[in-house]
Amino acid sequence: MSEPKLPSSRAHWASDAPIISVRDLVVRYGDKTVLDGINLDIFTGETMVIMGGSGSGKSTLLRRIMGIDRPTSGHVFIKNVDISCATEEEVNDIRRIMGISFQSAALFNSMTLADNVALPLREHTNLAESTIRLMTRMKLSQVGLGDAENLYPAQLSGGMRKRASVARAIAMDPEILLFDEPSAGLDPIIAAEIDSLILQLKSAFKMTIVVVTHELASAFLIADRMCMLRHGKILAVGTTEEIRQSTHPRIRQFLDRVPDQAAGGQDDYLQTLTKI
Amino acid sequence: MSLLASVGRGTIQRAEYIGGLTIQFYRGAAAAWRANPLTGSRLRWASTIQHMAVVGVNALPVVCLIAACTGLIMALQGGAELRQLGAIQLVINLVAVSMTRELGPLITAIVVVGRSGSAFSAEIGTMVVTEEVDALRSMALDPIEFLLVPKYIAMLLMLPCLTIAANTAGILAGGIYIYFTLDMGFALYIRAMLEALLLRDIVSGLIKSIAFGTIIVHVGCYEGFHVTGGPVGVGRSTTAAVVKSIFLIILADLLFTAFFYFFWR
């Protein structure tokens, strides 16, 4: 499929109004500023990958978008609702259109996979138990775990657990799907499996997907647009192509995997060690 | 100056802790109201009943054993003193009143702190570490309603029951001492015990046990919800849950005893 190259820096099928809109977001823990004035728009139907090194604040940003923690200042609008100062009930309404796959999968260890996936359906819908069971089986087979529904999370491998958490995230057919480090701690083959699962969800449901990751290969594979974070600030936002061709020294360093010490010589490094 | 600073910091930390507990209590009470079987629709029966079994039924043998030992100890210690005064029959009053008013609720609560308070804190703490609590919130489920309320309802129902069992065990064990020293039959012992006891003694003990149950659940869950620092933090919070619960239970016991002493006798 060939499409005309668009001048705008976002995916061509994305609609005009941003579904997620972050404005002047600041997060401080004590004296430490983790996020410093973040502005970011994510449009309906696109896959946004938030990249950055460890400690760049990318997971912190994702937690604010989930509405799990409140920012120090600034706003997060999801479908024009400001969840940074909404009441818990209002945030809960928004959460029903969001599905989240956590870094550690976060499956409930005391429940079987089927119960894990069925939990949001049982809690938030009045569907009959037989319907719920059918939907659960559907979601699990969508992620390739159709025959594992009666297993407990402890009986699964890391990759299976991750896929199960995706099944739970899509249980309510969310409009927005968030991934926190989808391939962290997985071997390359399983990580690639998760990537293809994300791509498959993207083409099947046209969901808005936000992924936080530091894995370059998977980021370039799944992203429509990317956002580079460093020390709590956005270095660049753009399509994968724009990011790939960026000349910003820090982005180049990240993409070319150059260690920090290389910036200075060995003497500088020794000096930092001996300095009190 | 540093002394002043550390005193101030300590005070603020304590105030914050009490404040956090109070907020959690309020939210727990509101959620329990939503979940109660008469007006609410969201009671988690399966979870509540499971917790009732773990908190109550499974604790029954150890609570009864410890209470029986305590009753016997009380009878022996009291008997040794009262024998010299020639008032050994007062051992019956001693055992009956102190078990129902004081030791029954207290010992039950302390055993349950060790069994269940620590377990609550470890369970919730682990869920915090593995992001399960965040996952609950991300699914628009209130962790207080989902995790705390079933435990709270189970505790409010089971702790008074355990207390009654402990009272019974302690008093019956006291009867063994009386049987061997005074040659008093068991039926006679029971009648003398019933004469010594007032309903008020039992009711005030049960009121205490409800307060203790509230402390156990809320401190245990609060420590769990506020775990930081991974698995090590879970261990730390479990210890803190037990120590703080026991301290608060003794403090509440003192307050209730003083209240009953002055206003209900």
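Chain identifiers are assigned alphabetically (A, B, ...) following the order of the sequence lines, protein sequences preceding nucleic acid strands; residue numbering begins at 1 within each chain. Source: prediction; values computed, not measured.
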Fill in: Closest approach of Ala140(B) to Arg96(A) (non-hydrogen atoms, all atoms of both residues)
CB-NE, 4.1 Å
Worksheet entry | Asp69(A): salt bridge (Lys or Arg N to Asp or Glu O under 4.0 Å) partners, not counting sequence neighbours | Arg63(A), Arg64(A)
Worksheet item: Would a distance-only check, ignoring hydrogens and angles, find a side-chain to backbone donor-acceptor pair under 3.5 Å from Thr130(B) to Ala106(A)?
Response: no
Worksheet item: Do the non-hydrogen side-chain atoms of Glu88(A) and Arg137(B) ever get within less than 4.5 Å of each other?
Response: yes
Worksheet item: For Arg23(A), does the CZ atom have more than 12 heavy-atom neighbours from other residues, nucleotides or ligands under 6.0 Å away?
Response: yes
Practice prompt. Measure distances from Asp93(A) to the heavy atoms of chain B and classify the residue's part below 4.5 Å as side chain, backbone, both or neither.
Written response: neither
Discussion item. Quick check: do Leu119(A) and Leu141(B) have side-chain heavy atoms less than 4.5 Å from each other?
Written reply: yes
Practice prompt. State the CD-OG distance between Glu131(B) and Ser101(A), to the nearest 0.5 angstrom.
Written response: 9.5 Å
Worksheet, complete the sentence: Here the gap from Asn92(A) atom CG to Asp142(B) atom CG, rounded to the nearest 0.5 Å, amounts to 8.0 Å
Discussion item. Side chain to side chain contact (heavy atoms under 4.5 Å, CB included) for Glu123(A) and Phe146(B)? Distances and angles first, verdict last.
Written reply: CA-CA 11 Å; Glu123(A) 292 292 333; Phe146(B) 201 81; 3.8 Å; yes
Worksheet item: Looking at Ile100(A), Asp180(A), Leu178(A), which one has more heavy-atom pairs under 4.5 Å with chain B than the rest?
Response: Ile100(A)
Worksheet item: Crowded around Arg28(A) CZ? As in, over 12 foreign heavy atoms under 6.0 Å?
Response: no
Response to the item:
Max heavy-atom pairs within cutoff under 4.5 Å with chain B, candidates Glu89(A), Met172(A), Arg168(A), goes to Arg168(A)
Worksheet item: At their closest point, which heavy atom of Met139(B) faces which heavy atom of Phe108(A), and how far apart are they?
Response: CE-CE1, 3.5 Å
